[in-house]
2 protein chains.
Amino acid sequence: MPKGIPLTEEDQHRRRHEIFDAAVHLFLAKGFSETSLREIAAAAGVGKSTLYDYFPTKDDILVSMVVETITDLTDEAQEIVRRPLPAFDRLRAIMQLNLESVLANREFYLKLSFDVQRLGLESQKRIQTARHAYQDLIRQLIEEGVNEGSFRPVNSLLVARLLLAALTPTVFTSRPTGTPQEMLDEVFDMFLKGIHN
Amino acid sequence: MPKGIPLTEEDQHRRRHEIFDAAVHLFLAKGFSETSLREIAAAAGVGKSTLYDYFPTKDDILVSMVVETITDLTDEAQEIVRRPLPAFDRLRAIMQLNLESVLANREFYLKLSFDVQRLGLESQKRIQTARHAYQDLIRQLIEEGVNEGSFRPVNSLLVARLLLAALTPTVFTSRPTGTPQEMLDEVFDMFLKGIHN
DNA sequence: TTATATAGCGACCGCTGGTCGCTTGTCAAG
DNA sequence: CTTGACAAGCGACCAGCGGTCGCTATATAA
């Protein structure tokens, strides 16, 4: 409905979120590139070009979605980091949280995480920033563990990235070796003790 | 050039390879989805629909490329497996080989490995088969190590997948902690000894 | 000479993400 | 009350995509 009166900022946000939700729903159900802007517009109950009043490109909707997901996870992890527990237990708890997040966002990881990789440079940077914040949380935790003396003096950033890189492909495999929980336990055990005798 | 005489099987293969090479070249230079069939046809010096006489779809060209890459790597790894060395040394050599392959196919991993994830089910299966063969090589090596007593009794398939899953994201990161070789060494060390004190 | 089969092609199809100029509706100024 | 400016929304339109189809040209076989 065309209106002559400018939308309040709150209205704009609400509208934007309506479109966002419709898009996310479709992305998760059908995948990113299989969802057309025409479908998003129809689902959100607006015209196609109205989308462009709220998001500069289709990619941008995906970027917002990814950043939001990572940011939410980071916030929850931050809470764990603050607990008065040994680094080891907190690291364990964060990995558990991450597993649960991955499982809860199963469709996202299966259907959309790859689309993220082919976004433009600027989009990548926005996502990278969010991801680095999360990585740094874990990195810092590992450093605490090293200082506590409970971890060997490892390269904390590399280990943080390894841990995170291990989780998704471990859980979403065509040849699982157990339940996701069991696999996480094994992975964590591996990271702690290594495979060497 | 239209001809009434059927191509010999060898001619067909040669033609197919011309198209394949042109496509691979463009894929690596520009990316998969940024390369159009019209460009491939032009580069190969044939008409657009002639492509379809040699490849059923655009995706299929990518699948062939991926399978070929994995198969080549598997063959080289197979050679290492056969060496009369302790499992540990052979595992190390294979990881080194893998690193070199990843670095040699840098463009492929950076630009194309994500496109692979959104191929159709049938394409995925063809690639999976090739990848599983490679995984199983490493899995078997780890089992040998376990039997030798040099490795703890770990879940060999899970560890094989972890090793492979760790390599690419470790080497191709926006925050490297050293040269690829140094990072591989650290990763390998981590897998062997773990982070625990 | 005719019939048949092959190799190759480009016009064409439905679809995509993105753009542009038009319409509609409201407020502010004269 | 009229008019002008402007916000908001829209759908026709664009170039380009992967893929299809029916036609042409050519060579062999009968």
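Letters go in sequence order (proteins before strands), and every chain restarts at 1.
Atom CG in B:L119 sits roughly 14 Å away from atom P in D:dG18 (whole-Å rounding). One atom, CD1 of B:I40, and another, C1' of D:dG18, lie 11 Å apart when rounded to the nearest Å. If you take CZ of A:R118 and P of C:dT16, they are 17 Å apart, rounded to a whole angstrom. Atom CG of B:D53 is separated from atom P of C:dG10 by 13 Å (rounded to the nearest Å). Put simply, CD on B:E34 is 15 Å from C1' on D:dG18, counting in whole angstrom units. For the pair B:K48 NZ and C:dG10 P, the computed distance is 11 Å after rounding to whole Å. We find that CG of B:L37 is positioned 15 Å from C1' of C:dC9, with the value rounded to whole Å. Note: CG (A:L51) to C1' (D:dC10) measures 11 Å, nearest angstrom.
The base of D:dG18 is paired with the side chain of B:R38 by a donor and an acceptor separated by under 3.5 Å.
Under 4.0 Å is where a charged nitrogen must lie from a carboxylate oxygen, and between A:R126 and A:E122 no such pair does. A:D89 has no carboxylate O lying under 4.0 Å from a charged side-chain N of A:R92, or vice versa, which leaves the two without a salt bridge.
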Please report, to 0.1 Å, the donor-acceptor pairs under 3.5 Å made by any side chain of residues 69-76 of chain B, with sequence neighbours excluded.
unit_1, atom_1, unit_2, atom_2, d
B:T69, OG1, B:M65, O, 2.9
B:T71, OG1, B:V67, O, 2.6
B:T74, OG1, B:I70, O, 2.8

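When the salt bridge (charged side-chain N to carboxylate O under 4.0 Å, His left out) test is applied to A:R83, the partners found at least two apart in sequence or on another chain are A:E79.
Looking at which nucleotide of DNA chain C each of A:S49 and A:S36 is closest to, the 5′-most match is held by A:S36.
Judged purely by distance below 3.5 Å, without hydrogens or angles, the side chains of A:N155 and B:T177 pair a donor atom with an acceptor atom. Checking A:Q117 against A:Q124 by side-chain atom types alone, no donor-acceptor pair falls below 3.5 Å.
Cluster partners of B:F114, using a side-chain heavy-atom cutoff of under 4.5 Å among ILVMFWY residues and allowing indirect links, are A:F114. When hydrophobic side chains of Ile, Leu, Val, Met, Phe, Trp and Tyr are connected at separations under 4.5 Å, B:L121 ends up as a singleton with no cluster partners.
Tested against B:S156, the residues B:Q135, B:Q140, B:E143, B:E144 include a single side-chain hydrogen bond (donor to acceptor under 3.5 Å, both in side chains) partner, B:E143.
For residues 54-63 of chain A, proximity to DNA chain C is found at A:T57, A:K58, defined as any non-hydrogen atom under 4.0 angstrom from a strand atom.
Comparing the local axis fitted to the first five base pairs of the helix from C:dT1-D:dA30 to C:dG30-D:dC1 with the one fitted to its last five gives a bend of 40°, rounded to 10°.
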